[in-house]
Protein chains: 2
Amino acid sequence: MPGKALTPDQLLHVAERFKALAEPSRLDILQALKAGERNVGEILEKTGLGQANASKHLRVLHAAGFVERRKEGVSTYYRLADNDVFKLCELMCGRLEKEAHTRKKLFA
Amino acid sequence: MPGKALTPDQLLHVAERFKALAEPSRLDILQALKAGERNVGEILEKTGLGQANASKHLRVLHAAGFVERRKEGVSTYYRLADNDVFKLCELMCGRLEKEAHTRKKLFA
DNA sequence: TGTATATATGACTATATGGTTATTAAGTCT
DNA sequence: AGACTTAATAACCATATAGTCATATATACA
């Protein structure tokens, strides 16, 4: 039975995780990490985000468990914790495509 | 190749969908709809949300395509648009369980 | 030690949004 | 028509947060 109701506390935790993915900048960062590990400077370059801003986004992603990090000298290297992120995004993208398709049919 | 980079516009849309799920109250509403179609009054009773508040949450969920609605007389009945929501939530819950497990090991 | 570099953090502003109360709109009933 | 019910909307407040600037921390290097 894949359907036990979640407690308010669990709902809060799940919502928190979704919130980490509910920001275009953070999704962009995750995309930048898809090819592999990158340090903050490389992430800035790839995404065009400001340094402080990106640092905060990375903290959120790390707190939510989507990225892991590793210090090397003065740099911090971030990488995806796993590929759940893309499973989630692909599901969402699938929905968007389906929507687009429906909209197209409406206008046809 | 399941890995085309998303455009900023697409990132925005995906983030918007995640944002719809990034609120405990909305997840609670979705849970309440898991058993089947319900009108707003029933949703209020099940979730304990205020009427205006729930109405706004329902609008967000509808705009994001997670629920569909049907008017019957003076009532509005809402239902889940599909079960993607639960695929998404189960993925997140799986992550939480894994985290909990890791934490437990740390304290062991 | 002093300087440069990379990242994190704190302070601040502007905006978005969750929750509440009051009101509106639409349907039902007598 | 008038009273009642259900849901949506508007106005409002309080809080959260994305973005930016300035500063702190930490490592490397001369």
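Computed from a prediction, not measured in an experiment: that's the story for all the values here. Reminder, nothing fancy here: chain letters follow the sequence lines and each chain counts from 1.
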Visitor: Counting only heavy atoms and a strict 4.0 angstrom limit, can you tell me which residues of residues 23-33 of chain A come near DNA chain D?
Guide: E23(A), S25(A), R26(A)

Visitor: Of V40(B) and K19(A), whose closest DNA chain D nucleotide lies nearer the 5' terminus?
Guide: V40(B)

Visitor: With R59(A), which residues qualify under salt bridge (Lys or Arg N to Asp or Glu O under 4.0 Å), at least two apart?
Guide: none

Visitor: At less than 4.0 Å, is any side-chain N or O atom of T76(A) found next to OP1 or OP2 of dA8(C)? Yes or no.
Guide: yes

Visitor: For F86(B), does its backbone N or O pair with a side-chain atom of N83(B) as donor and acceptor, under 3.5 Å?
Guide: no

Visitor: May I ask you to list the residues of residues 44-57 of chain A, by number, that have any heavy atom positioned under 4.0 Å from an atom of DNA chain D?
Guide: A52(A), N53(A), K56(A), H57(A)

Visitor: Provide a list of protein-nucleic acid N or O atom pairs under 3.5 angstrom, restricted to nucleotides 26-30 of chain D.
Guide:
none

Visitor: Using whole Å, what does the distance between atom P of nucleotide dT5(C) and atom CG of N39(A) come to?
Guide: 15 Å

Visitor: Measure the shortest side-chain to side-chain distance between K19(B) and E23(A) over non-hydrogen atoms and say whether it is less than 4.5 angstrom.
Guide: yes

Visitor: Considering non-hydrogen atoms only, spot the tightest contact between L21(A) and F18(B) and give its length.
Guide: O-CD1, 3.4 Å

Visitor: Expressed in angstrom and rounded to an integer, what is the separation of R69(A) atom CZ from dA6(C) atom C1'?
Guide: 14 Å

Visitor: Reckon Y78(A) touches a base, only the sugar-phosphate, or nothing at all at heavy-atom distances under 4.0 Å?
Guide: sugar-phosphate

Visitor: Restricting to non-hydrogen atoms, name the atom on A20(A) and the atom on L61(A) that form the minimum distance, rounded to 0.1 Å.
Guide: O-CD2, 3.9 Å

Visitor: Return the value, rounded to whole Å, for the distance between atom CZ of F18(A) and atom P of dG18(C).
Guide: 16 Å

Visitor: dT5(C) P sits how many Å from E42(A) CD, rounded?
Guide: 17 Å

Visitor: Take atom CD of E16(B) and atom C1' of dA16(C), then tell me their distance rounded to the nearest Å.
Guide: 13 Å

Visitor: Taking the side chain as every heavy atom from C-beta outward, state whether V14(B) and L27(A) have any pair of such atoms under 4.5 Å apart.
Guide: yes

Visitor: List for me each residue that meets side chain to side chain donor-acceptor pair (under 3.5 Å) alongside E68(B), sequence neighbours excluded, and say none if there are none.
Guide: R79(B)

Visitor: Hey, does the Lys NZ or Arg CZ of R69(B) hover above the aromatic six-ring of Y78(B), less than 6.0 Å from the centre and inside 45° of the axis?
Guide: no

Visitor: Do you reckon V85(A) sits in the same ILVMFWY cluster as V60(A), going by side-chain contacts under 4.5 Å, direct or chained?
Guide: no

Visitor: Is there a side-chain contact between R59(B) and the phosphate of dA7(D), meaning an N or O under 4.0 Å from OP1 or OP2?
Guide: no

Visitor: Under the rule for side chain to side chain contact (heavy atoms under 4.5 Å, CB included), what residues qualify as partners of S25(B), not counting sequence neighbours?
Guide: L49(B), H57(B)

Visitor: Do the numbers put K71(A) on top of the ring of Y77(A), so that NZ or CZ is under 6.0 Å from the six-membered ring centre and no more than 45° off the axis?
Guide: no

